[in-house]
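Bear in mind the structure is a predicted one, so any value in this text is a computation, not a measurement. Every chain is numbered from 1, with letters handed out A, B, ... down the list of sequences.
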Number of protein chains: 2
Amino acid sequence: MTKILVADDDPNILKFITINLTEAGFEVIGATDGRDALRKLENEVCQLAVVDIMMPYMDGLSLIKEMRKTLDIPIIILTAKGQIDDKEKGFEAGTDDYLVKPFEAKELLFRIEALLRRYNIDTDKQVIQVGDVHIDIDRYVVTVNKKTLKLPLKEFELLQALATHPDQVFTREHLIDSIWGIDFEGDNRTVDVHIKRLRTRFNNLTDAIKFTTVRGVGYTLETVDT
Amino acid sequence: MTKILVADDDPNILKFITINLTEAGFEVIGATDGRDALRKLENEVCQLAVVDIMMPYMDGLSLIKEMRKTLDIPIIILTAKGQIDDKEKGFEAGTDDYLVKPFEAKELLFRIEALLRRYNIDTDKQVIQVGDVHIDIDRYVVTVNKKTLKLPLKEFELLQALATHPDQVFTREHLIDSIWGIDFEGDNRTVDVHIKRLRTRFNNLTDAIKFTTVRGVGYTLETVDT
DNA sequence: TTTATTGTGAATAATTTGGTAAAATTGTGG
DNA sequence: CCACAATTTTACCAAATTATTCACAATAAA
């Protein structure tokens, strides 16, 4: 299990990150300021750190300076737009990556995966396996019977959403909210169309999964017992 | 018993949610505004909160901000479409899920189950078992003797309603109200027809349950002792 | 530009649903 | 035990609902 230290004084952001990283399969060590972070680091061996630059007691830059004395793990700096001025830029170069707030969960995950790869830390690769279908979240690639299948984004996201909890019914509303977002004004039929496209793709490739309609409710990724 | 705090100033919505969550087996703590909610939370340990964003005295966002200081439970925000503007979006990210009004009771239940799963709060088993009949609420599937049975929605709901309290008599009115809703204009015979359909389906599959008529009153799902 | 992706609307298909009425059952009083 | 009324069961049909599919336009990517 890959452990990630997350230091941010804003409980909402901390929570936001925690939830997303946890969902992605990481273990999160949370800290609300620099001192807290250092204390936690004494007891926990983390493989990566995500650090907000603005924090009370001990700010992010000082924290990083301290960490660098003893630790050699990749660090991602969180920063508000325009917060990094030239003087700090030299420092920023020392860190491994930075992310400007507000950022997307997806973006953070992507950076983390990239850094872990670069550092050859073997992240428990996030692969959802359902039957002989492997869904590689990192690479946006699906493998069926060792054959790779490249799906368009929306179809991939839909598959991923369903595959996270196989055999469980998701309503169209749920799927739309989680894939297209809350402000999507469009029609529910959109989901149907993408389901149809997924069905067509998987049609002759595998019998292990089935996109099942639950009339009046929604859709399920059904696993077929062999 | 999973307790859920529901904060909404509209008594109709509060009632609507309360009824549905209660029927789904949750215990509901209702509050009509933010302050009320906080007061209730001092005395009750809730596992999840459903919060309307527009409330008097203390609006939903402030309430959530307060809750976050001391509590770590998943929160579902109720919001009208377009009500979340950019400034609030950062906050929204901090919460766990949101639902756009108007929403379906079923949809709310789905979200709640999903969040409870994500937080590993063991939600009361989502499988109702009566004899050798397993009713899987998440999957909308019924299993009899390891054989799966897919029921049409209304039949499933009827079975579910009866199976929640086996050996208890439900009047047709009660069943109609809880399945079809109080606005249903139709005939009581509708229940009979669906009972008949259920009987036909389970006819050769199991002897463990029986749909019994209580003349002049209603129906029971009778369990047969072996 | 060419190609691929994505969402929409509309036609079509499939299934579910509710009502109806006749048949069957049940309970009651004679 | 029988007739009768009340109630329930059942089969069937038509309407309503819901899902599938396709073609196309808009947009984004190559």
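Checked by distance alone, A:Arg189 brings no side-chain donor or acceptor within 3.5 Å of a matching partner on the base of C:dT8. You'll find a donor-acceptor pair under 3.5 Å spanning the side chain of B:Arg215 and the base of C:dT25, going by distance alone.
One interatomic measurement links the two molecules: CD1 of B:Ile195 to P of C:dT17, which rounds to 14 Å at whole-angstrom precision. Rounding to whole angstrom units, CG of residue A:Leu151 and C1' of C:dT6 are separated by 14 Å. One interatomic measurement links the two molecules: NE2 of B:His194 to P of C:dT20, which rounds to 15 Å at whole-angstrom precision. At whole-Å resolution of the value, CG in B:Leu158 and P in C:dT17 are 11 Å apart. Here D:dT9 presents its P atom at 13 Å from NZ of B:Lys210, a figure rounded to the nearest Å. Straight-line distance from the CG atom of A:Asn203 to the P atom of D:dT20: 14 Å, rounded to whole Å. Residue A:Leu149 contributes atom CG, which lies 11 Å from atom P of C:dT5 at whole-angstrom precision. Separating the CG atom of A:Leu198 from the P atom of C:dG7 is a distance of 13 Å, rounded to the nearest angstrom.
With rounding to the nearest 0.5 Å, the separation of CG in A:Leu153 from CG in A:Leu158 is 11.0 Å.
Each of B:Arg197, B:His194, B:Arg201 was scored for a side chain to side chain donor-acceptor pair (under 3.5 Å) with B:Glu155, with one residue passing: B:Arg201. Evaluated for a side chain to side chain contact (heavy atoms under 4.5 Å, CB included) with A:Leu162, the options A:Thr220, A:Leu175, A:Val169, A:Val130 yield exactly one hit, A:Leu175.
Between the side chain of B:Thr206 and the backbone N or O of B:Ala208 there is at least one donor-acceptor pair closer than 3.5 Å. Of the possible donor and acceptor atoms, one in the side chain of A:Asp167 sits under 3.5 Å from a partner among the backbone N and O of A:Thr223. Checking side-chain atoms of B:Asp8 against main-chain N and O of B:Thr32 turns up no donor-acceptor pair under 3.5 Å.
The side chain of B:Thr213 sits closest to D:dT8 out of D:dT8, C:dG19, C:dG7. Among the nucleotides C:dT6, C:dG18, D:dA11, the one closest to any side-chain atom of A:Arg197 is C:dT6.
Backbone-only contact: A:Tyr219 has heavy atoms under 4.0 Å from sugar-phosphate atoms and none from a base. Nucleic acid contact class of A:Leu153 (heavy atoms, under 4.0 Å, all strands): sugar-phosphate only. If you check every strand for non-hydrogen atoms under 4.0 Å, A:Arg199 touches sugar and phosphate atoms only.
Between B:Lys196 and the phosphate of D:dT8, there is no side-chain N or O to OP1/OP2 separation shorter than 4.0 Å. Considering only side-chain N and O atoms, B:Trp180 lies nowhere under 4.0 angstrom from the phosphate OP1 or OP2 of C:dT17. At C:dT6, none of the side-chain N or O atoms of A:Thr190 fall inside 4.0 Å of OP1 or OP2 (strictly under the cut-off). A close approach under 4.0 Å does not occur between any side-chain nitrogen or oxygen of B:Lys154 and OP1 or OP2 of C:dG18. OP1 or OP2 of D:dA19 has at least one side-chain nitrogen or oxygen of A:Arg172 nearer than 4.0 Å.
B:Asp177 CG: more than 12 foreign heavy atoms inside a 6.0 Å radius.
Note that the two end axes of the helix from C:dT1-D:dA30 to C:dG30-D:dC1 enclose an angle of 30°, each drawn from 5 base pairs, rounded to 10 degrees.
Between B:Asp192 and B:Arg172 there is a salt bridge, since a side-chain N of the basic residue sits under 4.0 Å from a carboxylate O of the acidic one.
Summary of the strand contacts: A:Val193 and A:Arg201 both lie near DNA chain C, and taking for each the nucleotide with the nearest heavy atom, the more 5' one is attributed to A:Arg201.
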